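What follows is a single structure, written as structure tokens, with notes after it.
Side chains included, hydrogens not; waters and symmetry mates left out as well; all remaining heavy atoms used. This is a predicted model, so every value here is computed, not measured. Every chain is numbered from 1, with letters handed out A, B, ... down the list of sequences.
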Amino acid sequence: MASGKVMAMRDAVARFVHDGDTVVIEGFTHLICFAAGHEIIRQRRRDLTLARLTPDLIYDQMIAAGCARKLVFSWAGNPGVGSLHAFRRALEGKSAGGGGLEIEEYSHFGMVARFSAGAARLPFWPLRNYMGTDLPTANPRIRSVTCPYTGEVLATVPALNPGVTIVHAQRADVAGNTQMWGLLGVQKEAAFASARVIVVVEELVEEDVIRSDPNRTVIPGMIVSAVVVEPWGAHPSYAQGYYDRDNDFYVAWEGVSRDPDRLARYLEEFVYGVPDRAGYMNKQPHLAARLKAKARLSQGVNYGF
Amino acid sequence: MASGKVMAMRDAVARFVHDGDTVVIEGFTHLICFAAGHEIIRQRRRDLTLARLTPDLIYDQMIAAGCARKLVFSWAGNPGVGSLHAFRRALEGKSAGGGGLEIEEYSHFGMVARFSAGAARLPFWPLRNYMGTDLPTANPRIRSVTCPYTGEVLATVPALNPGVTIVHAQRADVAGNTQMWGLLGVQKEAAFASARVIVVVEELVEEDVIRSDPNRTVIPGMIVSAVVVEPWGAHPSYAQGYYDRDNDFYVAWEGVSRDPDRLARYLEEFVYGVPDRAGYMNKQPHLAARLKAKARLSQGVNYGF
Amino acid sequence: MAAVAARELRDGEVVFVGIGLPNLACNLARATHAPNLVLIYESGAVGASPSRLPVSIGDPALVTGSLMVCGMADVFQLFLQNGQINVGFLGGAQVDRYGNINTTVIGRYERPTVRLPGSGGAAEIAVHAQRTLIVAKLNPRAFPERVDFVTSPGQQCGGRGRRELGMPGAGPVKVITDKGVLEADATTGEMVLAALYPGVTADDVQKGVGWPLTRRPRLGAIAPPSATELRLLRDVLDPKGLFLKSKGDGKTE
Amino acid sequence: MAAVAARELRDGEVVFVGIGLPNLACNLARATHAPNLVLIYESGAVGASPSRLPVSIGDPALVTGSLMVCGMADVFQLFLQNGQINVGFLGGAQVDRYGNINTTVIGRYERPTVRLPGSGGAAEIAVHAQRTLIVAKLNPRAFPERVDFVTSPGQQCGGRGRRELGMPGAGPVKVITDKGVLEADATTGEMVLAALYPGVTADDVQKGVGWPLTRRPRLGAIAPPSATELRLLRDVLDPKGLFLKSKGDGKTE
């Protein structure tokens, strides 16, 4: 190994995710790193500020497990299915603790703009938005700025610079040069905005593979702290070209999440009860066959001169 | 043809480039559409505002041919060789007309930010820049804004929204869905900022080719007014995977450009004297053999699920 | 509702699509009068051509074989804020008299009775799409005089209109419900009853709306789904009935 | 000069490279003490591994086999303004007492005697790179007390220092010339003589500088290029002598 960055998930989380951190596990439906969320739960991190456009099932699990002090988000639901009930219990005051979760809420564009500002190391980002909505009342961090050319008043959001961002990707080399395809979400911006970046990949590849198609590289090694090789690490979300989205799991989550006891049993069995993602997959031997991607290869392009 | 967008360069320039327009032919070293510049010269467009980070040889030719009223730019030279002498004569007051070229000057970051603002339809873009330089004195359009969170004063540049942007690319379909690889410059931003977009390609491909690798699409058909198929249209710049940069031409330009008579003879022979790019290439039968790209194919990736 | 929504789309338009009914409506329009409709999902898939009915706006089937995939910064800045989107579909837990939509909370924001998912991309779609179509089933609780929280702005907020507030798009021009269609009044911005499904009366619609509904002098009659529309919806576009539930009265949602 | 510049680079650093001497210096450093140097060109090529000596910062050889290619908005926002660049190389027609650089005009801006190319990316490299190295040949016209136009800011502009002006990077820490090396004084920001090439005197350097040059109490002696450095430069990195012209005195630029 030419690089000290390649490590087990356990070690990456132990070294780079600390109590009290702002943690981002990004990915819009695609490439959401459930494996990292589970390891954070296993290592019992506390007082995290969890930021992400769509908290999804993984943040619902982390909230249920007591990792989160605060949630920064723009859409908190189970896409196409229903609610994130641990999240709702925390806010609707029905949880045992009586709703201990702080929230800071934007729209998708606002969250994207926060990451864009963070990535460019600007303190704010301007956008034409939020006129007529109650969002700025609910969140006084949405402010405005006057254009020095036209006098127009534009909305602003503040930069978001996480302590650690975790990005799941199809492949990377040992130095952390990372390639992704399919939906790219806001991962590039979140990674560049972050103090530390953990890249989790389906496959570790030779540097030559990366160099054969440099336009596919989304995250350069220089900003990457750790590379974790964790096949199926995005399940029940998906990895284009590797495995499909497990819609059955999303549908089933409605019932699990709605019942705190079932949710606790889920965490016991599939998170605390396994040492790592390999253990998680071994418990569900039929998953791979059901979800493995079919081949639909793109043609190569010529980089010659 | 399923689309009325595919047309000859002559028709595209006649329909979409008007006297007095702000015209952008972008491309950073790579994919600079000389063929479009030549057609604009042939059609004797006047009073154009030419905008581009690096005016390069093509804007030197357009200035010499009398197309330009104003130049908006950030680096005006012959890269790796020397000067753009028609440009210099216009500014140094040695041209016959006595320096009739107006200029508006930024740095590269400033020009990129102007296109970014234009593409996002924001009136300005903030950047941390220009402290300590004389550029804002030379160009009062460089202003500042105060961050509503930190109180920091940041530089701003105004949006640039061209009348027409011309982008050279490796391939597109008849609807104008355009794929590029290699250096991407600021073409995407310039195209989205523009009222009209002419895409000029090395190859017109079936929609299936585009759909087989959607992450390579840089410009969507919905913003494209015309698709022109013009192989070798970027010569003496280059098209990755198609032909190499003609460095000999760049070196030779120093002598041509320095002498107004030689420059006039060049335009007579290679621009006015040919009807189109095919004619230009026919005059130089050895170019293709000398510059044609060797094969260096990337591997495909799996888009299956 | 899917068929009525489909008829609102013109060929060649660019539509910002959500999953479920809007997706069905777009695909129905593509299969009938608008073959060149371009579908954009906020996930970044442009010109998708899915081989299966997508169950999420980030479904991998929306990527495979699409015309373009871009990051979300581009979706919001280069497409939506740029003004490229002709039509946006919106829905929500509450829709009010002026087409303001609430997808945030029922009750007080600080201590909600029901915490809804939030804006997602809805707030900016409502601001920027050249026009929006609201799709929602009638119910007086879902159509209050005023929403508890304005997530996505409608035709008027706090007495100020869209132009005055600086919104580029025209906002919600129609509310497509299961009983009739409301339209934004050009002067007041109020959602007024414009058309009815066959066999439905204006009073039926009023029962599902929490404010005194203004009625257009002449109410339109919405044509029932044609045989072609029904066949496409049931046999081709949603054969498993994932989004369309056939009701006892034979109507298709 | 290439060898001296190469020695300034530390292994693992990220360098914003220009064509010509800086490119040679980086490749020499990679071939000797800094194999993990990452080269970024403002054209968007990251981690290039060119199979031929590039003649332009947009040379296709910088793309083929590179680690990443990104658009220029990313180059300036995500790499440079983000603070990822450890070292930037700068040069120019004029360099002054405080390391301010002019690549814009000789004479008045409105009616220049000589119109130079302009900033390119130099202004922002000067602001953001964690440190910059200036490479220029000595000549009193090229090293005036004050430049005609500040394109790229140095250590002090109009009496105000970089911190006060809000610049993130440390600015020009060294000026590498063909006779010696100047360094920025930590307190005054002035470029002072720090080291000499073999056989060169402080007075030789003063002759090429248009202001009274402060000298460090102890001047360093720059080691001549080693046999390895010379061999790499002449035989491997620039075998055609595109950028290195062997001078009569046997020195290599």
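With a 4.5 angstrom heavy-atom cutoff, A:P158 touches chain B via backbone and side-chain atoms both. Contacts of B:R245 with chain A are absent, with no heavy-atom separation under 4.5 Å from either backbone or side chain. Proximity to chain B (any heavy atom under 4.5 Å) is shown, for A:T156, by both the backbone and the side chain. Interface remark: A:L297 contributes backbone and side-chain atoms alike to the contact with chain B (heavy atom separation under 4.5 Å). In this structure, the portions of B:Y303 lying under 4.5 Å from any heavy atom of chain A include both its backbone and its side chain. Looking at A:V145, the atoms closer than 4.5 Å to chain B (heavy atoms on both sides) all sit in the side chain, from C-beta outward. Contacts of B:L122 with chain A are made by both backbone and side-chain atoms, with heavy-atom separations under 4.5 Å. At a 4.5 Å heavy-atom cutoff, the contact between B:Y149 and chain A is made by backbone and side-chain atoms alike. Only the side chain of A:E152 comes within contact range of chain B, with heavy atoms under 4.5 Å apart. The contact between B:P123 and chain A is made by backbone and side chain atoms together, counting heavy-atom distances below 4.5 Å. Heavy-atom distances place the side chain of B:L184, and not its backbone, under 4.5 Å from chain A.
A donor-acceptor contact shorter than 3.5 Å links the side chain of B:N177 to the backbone of B:G221. In this structure, the side chain of A:R216 does not engage the main chain of A:T178 through any donor-acceptor pair within 3.5 Å.
The only member of B:T133, B:N139, B:T137 that meets side chain to side chain contact (heavy atoms under 4.5 Å, CB included) when paired with B:L135 is B:T133. Of the candidates A:E203, A:Q179, A:E206, A:Q179 is the only one forming a side chain to side chain donor-acceptor pair (under 3.5 Å) with A:R171. Test A:E104, A:E189, A:E105 against A:R114 for salt bridge (charged side-chain N to carboxylate O under 4.0 Å, His left out) and you get one pass: A:E104. Applying side chain to side chain contact (heavy atoms under 4.5 Å, CB included) to A:Q187 and the options A:L31, A:V218, A:V24 leaves one that passes, A:L31.
Per-residue heavy-atom pair counts under 4.5 Å with chain A were compared for B:A159, B:P214, B:A295, B:G182, and the maximum is reached by B:G182. Comparing A:Y243, A:W125, A:Y242 by how many heavy-atom pairs each has under 4.5 Å with chain B, the most go to A:W125. Chosen from B:P126, B:A120, B:S212, the residue pairing most often with chain A at heavy-atom distances under 4.5 Å is B:P126. When each of A:G300, A:G304, A:A293 is scored by its heavy-atom pairs under 4.5 Å with chain B, the top score falls to A:G304. Options B:D213, B:V209, B:D244 differ in how many heavy-atom pairs under 4.5 Å they form with chain A, and the most are formed by B:D213.
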- Assess whether side-chain hydrogen bond (donor to acceptor under 3.5 Å, both in side chains) is satisfied between B:Y250 and B:S237, documenting all intermediate values. CA-CA 9 Å; B:Y250 278 83; B:S237 90; 5.0 Å; no

- Item | Chi angles and distances behind the side chain to side chain contact (heavy atoms under 4.5 Å, CB included) call for A:L183, A:Q240 | CA-CA 8 Å; A:L183 299 178; A:Q240 194 94 32; 5.6 Å; no

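Cation-pi geometry between A:R296 and B:F305 is not met: the NZ or CZ atom fails to fall both under 6.0 Å from the ring centre and inside 45° of the normal. Figure legend: cation-pi geometry between A:R143 and A:F124 absent, as NZ or CZ is not positioned both under 6.0 Å from the six-membered ring centre and within 45° of its axis.
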